[in-house]
Amino acid sequence: MPHKKIHLSSPHMSNEGYEMEYVKEAFDTNWIAPLGNNVNEFEQEFAEKVDSKSAVALSSGTSAMHLALKAAGVGEGDIVFCQSLTFAASTNPIIYQNATPVFIDSDYETWNMCPKALEQAFEQYNPKAVIVVHLYGLSANMDRILEICNKYNVPVIEDAAESLGSYYKDKHTGTIGDYGVFSFNGNKIITTSGGGMLVSDNEERIDKARFWASQARDKARHYQHSELGYNYRLSNVLAGIGRGQLKVLDKRVEQKKYIFDFYKKELSDLPGVQFMPINEWNDPNCWLTCILTTGKVRPLDIIEALENENIEARPLWKPMHLQPYYEGYDFIGEGVSDWLFKNGVCLPSDTKMTDEDLQRVVEIIKGLW
Ligand SMILES: *Cc1c(COP(=O)(O)O)cnc(C)c1O
């Protein structure tokens with residue numbers, strides 16, 4: 001009999017059924033189609049949760065990034081600096097705007113944007129915006145990055161798709177720069193099956209993003225458009241799922257941290273193994289537990305051994321400057337992100353895992369040494 005499948009990170013609805021209550025409300029009031037009470041409440045509850053002045057609920061994290069770039073004034077021919085070690089959803093919207101990405105390396109201390117490489121990039125280019133990512137719930141070195149970007153007066157967009165529930169010092173990641181992008185894709189710490197949120201303390205810009213996301217319909221009785229619009233709003237049904245999921249976010253963070261601690265206790269003594277860096281100013285959500293393995297056991301050995309037991313593990317994100325689609329664009333750095341990609345593994349971090357499941361994963365990995 002094949003072993004029970006263990007996922008990297010799968011949807012986890014509340015035991016209490018909060019999500020269904022809100023979805024039912026949408027059905028009962030016939031607010032199925034695009035907007036309605038759940039969308040408004042989800043935006044407000046989310047903004048409160050992360051301590052931001054305003055938020056707009058969107059159909060994906062990718063659309064949130066797209067509108068963040070637009071709100072920051074990025075258009076044709078502009079340069080945008082973006083952390084190279086990330087998922088393509090951080091960078092593709094730069095291309096949607098006909099702008100040009102310049103990829104910035106990571107550092108070993110944070111795995112996120114290297115302030116030194118960022119400084120170097122500013123010596124060569126004049127960007128319109130900077131996209132910094134908080135991978136796996138780890139936060140970037142925001143004080144240094146903001147210091148540099150403020151010096152050049154360039155807006156900062158935080159890709160917090162993986163870091164909802166993480167703190168940098170006393171602030172939620174995604175609320176430190178000018179704009180914060182969140183995702184509720186199925187593998188994220190909370191999910192609406194698909195969805196995203198754009199937050200900012202600049203309410204005027206969020207209102208503008210909401211306008212663009214709703215087909216840019218001018219205030220008129222007929223259909224009147226003075227600007228290019230998009231169909232990017234989150235549906236009222238999915239917003240209901242989001243409201244319910246928001247209620248269990250703290251619990252999910254606790255469970256993710258438990259998983260991290262479990263692995264750390266069991267695996268940190270293996271020769272050549274290092275855990276993802278948690279700095280003193282970072283309280284991460286531990287969305288995925290990631291390790292580096294630099295000894296005889298290679299990342300692929302771990303991934304294959306787990307796969308043979310029906311357990312999902314993955315390499316770290318492949319940096320954008322190594323992607324065939326992006327090979328023509330500049331990269332500033334010394335190849336730290338290349339090295340992290342070569343040596344890193346994301347371990348199964350599904351909050352539905354039991355202690356026995358975790359023990360099973362640990363035994364398979366230890367068996368390789
Ligand atoms: C998931 C994710 C996104 C957004 O993805 P969507 O599927 O569009 O919601 C953006 N950036 C990063 C780093 C992500 O992991």
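Both ligands and their constituent atoms are indexed starting at 1 by order of listing.
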- Query: Would you say the side chain of Leu69 lies within less than 4.5 Å of the side chain of Lys128, judging by non-hydrogen atoms?
  - Reply: no
- Any idea which part of Thr86 is under 4.0 Å from ligand 1, heavy-atom wise: side chain, backbone, both or neither? side chain
- among protein heavy atoms, the one nearest atom 11 (N) of ligand 1 is Asp159 OD2, 2.7 Å
- Query: Does the side chain of Glu158 pick up a donor-acceptor pair with the side chain of His134 at under 3.5 Å?
  - Reply: yes
- Query: Below 4.0 Å from any atom of ligand 1, is there a heavy atom belonging to Gly194?
  - Reply: no
- Item | Closest protein heavy atom (residue, atom, distance) for atom 15 (O) of ligand 1 | Glu162 OE2, 2.6 Å
- Message: As an exercise, identify every atom of ligand 1 less than 4.0 angstrom from a heavy atom of Gly195.
- Response: 9 (O)
- Which distance, rounded to the nearest 0.5 Å, do you find between the CD1 of Ile291 and the NZ of Lys264? 11.5 Å
- Between Gly61 and ligand 1, does any nitrogen or oxygen pair lie at a separation below 3.5 Å? yes
- Message: Within ligand 1, which atoms have a heavy atom of Ala89 less than 4.0 Å away?
- Response: 3 (C), 4 (C), 5 (O), 10 (C)
- Message: I'd like to know if the side chain of Lys352 and the backbone of Pro11 have a donor-acceptor N/O pair within less than 3.5 Å.
- Response: yes
- Message: What protein heavy atom lies closest to atom 3 (C) of ligand 1? Include the residue and the distance to one decimal.
- Response: Ala161 CB, 3.5 Å
- For residues Ser10 and Asp350, is any side-chain donor paired with an opposing acceptor at under 3.5 Å? yes
- Query: Is the Phe46 to Phe184 ring centre distance short of 6.0 Å?
  - Reply: yes
- ligand 1 contact on Met65 by region, counting heavy-atom pairs under 4.0 Å: neither
- Tell me which protein heavy atom sits closest to atom 9 (O) of ligand 1, plus the residue, atom name and distance to 0.1 Å. Ser183 OG, 2.6 Å
- Task: Run the ring-centre check on Tyr167 versus Trp281 and record whether the distance is less than 6.0 Å.
- Result: no
- Message: Quick check on Ser90 - does any of its heavy atoms sit under 4.0 Å from an atom of ligand 1?
- Response: yes
- Message: In the structure I gave you, are the side-chain heavy atoms of Leu8 and Arg314 within less than 4.5 Å of one another anywhere?
- Response: yes
- Would Leu85 end up clustered with Phe81 when hydrophobic side chains under 4.5 Å apart are linked, directly or stepwise? no
- Query: Which of the numbered atoms in ligand 1 are below 4.0 angstrom from a heavy atom of Asn185?
  - Reply: 7 (O), 9 (O)
- Protein heavy-atom partner closest to atom 8 (O) of ligand 1 - residue, atom, separation in Å: Thr62 OG1, 2.4 Å
- Message: Suppose we measure from atom 2 (C) of ligand 1 to each protein heavy atom; which comes out shortest, and what is that distance?
- Response: Lys188 NZ, 3.0 Å
